[in-house]
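Notes for the one structure printed next.
What's counted below: heavy atoms across the whole structure, side chains too, no hydrogens, waters or symmetry copies. Treat the numbers as computed from the prediction; the structure is a model and nothing was measured.
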Amino acid sequence: MKKFLTYFILSFYLLPFSGYSQKVGLVLSGGGAKGLAHIGVIRALEENNIPIDYITGTSMGAIIGGLYAAGYSPDEMETLFKSEDFELWSKGIIPPRYVYYFKKLDENPSFIDLDFARKKDKMQLALPTNIIPEGQIDFAFMELFSPTNAVCENNFDQLFVPFRCLATDIYRNETKVFSKGDLGLAIRASMTVPFYFKPLEIDSVLLFDGGLLNNFPFDVMIRDFKPDIIIGSAVDIKDKKPEKDDLKLQIWNMMVRKTNYTIPDSLGITIKSPVDQYELLDFEQFNEIERAGYKSAIAKMDSIKTRITKRSDFDLLTRRREEYRSKSPSMIFNNIQVSGVDGSQRYYIIQSIRHKSKTFNLEELRREYFKILADDKIKSLLPTAEYNQKTGYFDLQLKAEQKEPLAVGVGGYFSLSDVNQGYIGLDYRLFNNLPITIQSNIHIGKFYSSFLLGSRFNFITKQPFSLELYFIKNRFNYFSGSTELFFEDKRPHYVIRNEDNIQFDISFPAQTISKWEAGINFVNQADEYFQTTKYTQNDEPDLTTFTAGNLHARFEVKAFNKKQYPTEGKMLKFEAMYMFGTEKETPGSTNTLNLPFRNNHRYIQLELCYERYFQPSKRLILGIVTDSYFSTRKLFNNYTSTLISAQNFSPTVNSTMRFLPDLRANNFVAGGLKAIFPISQSTHFRFEGYYFQPFTELLPGINNQPNYSDKLFSSNQFIGSGGIVIHTPLGPASLLLNYYSSSNPKFYLQASFGYLLFNRHGN
């Protein structure tokens, strides 16, 4: 009996130190992409059968800790972080296939869009609060963690591994510790780095990154879980004195409270991974960062095994993880609730998420969610999904925020030639029972000037549609001066086109990236030109006006990742148009016939365009372009006016800024290939080649009368372009050498920054 009592007492006191009773807590620091080292640490612990009984994490540590707590293995986390989807989430980029083309306004050359809100009867600038749009990552966190919320019933102690994460209440300047609630929202709040991501509001509290006050929460581990021993994984964040020109490091030092990244020896072991050379968003360096964490953990493994005698069974751990994950219900939805907006706006959003049956799956929701984000009146749409035990489906909750009513866009195109453009655009959004966008913009430059005023009405009926009404003035001034950097422009053509048009269109969505459109345009085109090379500044140009109307219908598919110089996506356009109008010619001082002319025209034109990009390898992107144009248009009164009225083929930015007679025809087919060699995510070398084949060549006759060649396909042209393009946050910078087979000179060097985009044309 005495021996038994002695054994019992010794067992009681030694129980906390025995292999069967030890509880191990894992603490993960913040650090952006540097925190990927935590996956390597977890991998090393699992391979050596070291148990993980509790997890606390901040920022990136909250993401990785939350994924592990939800039942994701290191291999699954590696697959996630190396996926294209995660790359898009981290940059806030919506894949082109999900961009709702029907809701998109016409592309413009804006670098930056500034929103203005009405406050105290004054319009005040609403400064942007984040660099990275939040729509993608908000949806991703809902997708990743909502099934786990259903399993743990929003209690973080019932996760696969009990878990805590931290955020910062910036009003009270205190730490908010999450132990229950929506796991995705908690982690999203914990990783909300100021200026990068928009702050998250939970229970009326505005929250930012937990690392602002506590970037290594081992104190929370001790307080909430009281483990026997703690393993801390801290990325090696060295305190650096910021230089006067290093804004990023200045902000980092102002925001992040100095943190001790070492756990006292009496409490556990600290693993520090040497990843300080990597940047906050260097997620593409996954292999190197994860390997650094793994090696650092292996280097400490003997000490870890000495202090932790308890062992886990890897096969049993895998089976338990699979069993836990198998409890997750499929994400099927049948109810939608919207908050943050008034009744009519709520109805607009709910009606925009259209599904054919009472329930809809995650992929169907994804398409509809991004459709709403494409709306110019919606600023953000925070999604959460709550599992309904009674119905067996998820209830979708959307917290909407509308955009400020007034948006001002500023941009243009700037080069070392005479082709320089300034742009300013105004959009005023009315978000009521009938959402309306009123638009106006001005383009100013020697080459191109324009003014636009119009409006768009969106109707959310059983079949959504929109009505658009625009008045547009365009002016193109070709060859008013030298447009080249190193080559003198010796071509004699002098052409100015002034165009006034009124456009009325109705459009319907087809699929996500396509739409149907039909309408009527009224246009007055006035072309000034000389038919001879022998003119002076005192001479008057010839004037041809074409006052016309047209009925048109088109089907369009468009999903590019960039407004200009895209590397991903596709475009398809088929347009049919019936044109009717009157041509009038007023001769100038150099016109040898010197006779006024008038003629009526009626004709049909058809155009089919296609462009698509493929990526057969990581180092190569291929693109194909085709363009076919057919018309019954008759010749105008003289050769030059006929050329001006003919359809042009301008597949490159450089070709859109010049009048190229050999690339104009009333009937033609054309095509080309592009080879793009990525250097980085923002920089690539780009080489393009095109072939242009008119059915019959336009030729000048006696007194500059227009004629067709007697032979079909008697002439053809080649276009080439090659150089480097850098996509900056404001716009593309390019250095390209352009080639035209029939031009004089044949080569043109283009050094430019910005977008060369135009308002709608009359035909």
Side-chain angles (χ1 to χ4, degrees), residues 469-476 478 493-505 517-532 540-554 574-608 628-649 659 661 663-668 694-710 759-763:
L469 179 63
Y470 289 100
F471 169 72
I472 305 167
K473 291 180 68 72
N474 290 318
R475 177 182 173 88
F476 291 89
Y478 295 97
H493 304 94
Y494 170 90
V495 176
I496 294 177
R497 163 163 284 192
N498 290 289
E499 177 187 274
D500 298 333
N501 63 83
I502 297 174
Q503 302 190 359
F504 177 79
D505 287 302
E517 192 169 78
I520 183 170
N521 292 0
F522 299 97
V523 59
N524 182 64
Q525 295 172 342
D527 299 326
E528 300 177 25
Y529 54 92
F530 287 105
Q531 299 186 54
T532 176
E540 290 292 326
D542 290 65
L543 174 65
T544 293
T545 61
F546 185 51
T547 304
N550 71 59
L551 300 173
H552 60 266
R554 69 176 66 94
F574 175 72
E575 181 177 61
M577 182 180 294
Y578 172 67
M579 199 85 182
F580 52 93
T582 301
E583 169 200 2
K584 296 180 182 179
E585 181 182 329
T586 302
S589 59
T590 62
N591 190 309
T592 56
L593 296 178
N594 200 29
L595 295 173
F597 178 81
R598 178 188 178 104
N599 190 28
N600 293 326
H601 291 268
R602 283 179 171 78
Y603 57 90
I604 295 171
Q605 63 185 40
L606 304 173
E607 185 173 21
L608 177 63
S628 303
Y629 178 83
F630 310 93
S631 77
T632 60
R633 188 199 319 253
K634 294 180 180 179
L635 300 174
F636 273 35
N637 187 48
N638 63 69
Y639 171 71
T640 306
S641 62
T642 300
L643 280 177
I644 297 172
S645 67
Q647 182 76 3
N648 68 308
F649 176 62
F659 184 79
L663 294 177
R664 289 175 173 263
N666 287 332
N667 294 276
F668 67 82
F695 286 12
T696 52
E697 184 182 7
L698 284 169
L699 298 173
I702 300 174
N703 294 322
N704 207 38
Q705 294 302 296
N707 294 295
Y708 281 121
S709 171
D710 294 332
N759 282 328
R760 301 181 182 190
H761 295 196
N763 56 6

Legend entry - Qualifying residue, where the test is side-chain contact (heavy atoms from CB on, under 4.5 Å) with Asn521 and the options are Met577, Met579, His552: His552
Legend entry - Separation of Phe546 CZ from Asn524 CG (nearest 0.5 Å): 10.5 Å
Inset, instruction - Only counting residues at least two apart or in another chain, list the ones meeting ring pair (Phe, Tyr, Trp, His ring centres under 6.0 Å) with Phe504. - result: none
Legend entry - Spacing of CG belonging to Asn550 relative to OH belonging to Tyr578, to within rounding of 0.5 Å: 11.0 Å
Inset, instruction - Check the pair Asn474, Arg497 against side chain to side chain contact (heavy atoms under 4.5 Å, CB included), reporting the backbone distance first and the verdict last. - result: CA-CA 8 Å; Asn474 290 318; Arg497 163 163 284 192; over 6 Å; no
Legend entry - Spacing of Thr547 atom OG1 and Glu583 atom CD [to the nearest 0.5 Å]: 11.0 Å
Legend entry - CG on Asn600 to CZ on Phe580, rounded to 0.5 Å: 12.0 Å
Inset, instruction - Kindly write out the residues that satisfy side chain to side chain contact (heavy atoms under 4.5 Å, CB included) with Thr642, not counting sequence neighbours, or none if the list is empty. - result: Leu635, Phe636, Leu698, Pro706
Legend entry - Steps toward side chain to side chain contact (heavy atoms under 4.5 Å, CB included) verdict (Glu528, Asn498): CA-CA 8 Å; Glu528 300 177 25; Asn498 290 289; 3.9 Å; yes
Inset, instruction - Name all residues meeting the salt bridge (charged side-chain N to carboxylate O under 4.0 Å, His left out) criterion together with Arg760; count only those two or more places apart in sequence or in a different chain, and write none if there are none. - result: Asp106, Glu468, Asp505
Legend entry - Taking every non-hydrogen atom, the tightest pair across Pro694 and Ala665: CB-CB, 3.8 Å
Inset, instruction - Applying ring pair (Phe, Tyr, Trp, His ring centres under 6.0 Å), name anything that partners Phe574, two or more places apart in sequence or on another chain. - result: none
Legend entry - Atom pair CG (Asn591) and CD (Gln531), whose distance is rounded to the nearest 0.5 Å: 5.0 Å
Inset, instruction - Please list, chain by chain and in numerical order, all residues satisfying ring pair (Phe, Tyr, Trp, His ring centres under 6.0 Å) with Phe695, sequence neighbours excluded. - result: Phe630, Phe713
Legend entry - Residues forming a side chain to side chain contact (heavy atoms under 4.5 Å, CB included) with Asn648, sequence neighbours excluded: Ser650, Arg664
Legend entry - Spacing of CG belonging to Leu643 relative to CG belonging to Asn666, to within rounding of 0.5 Å: 9.0 Å
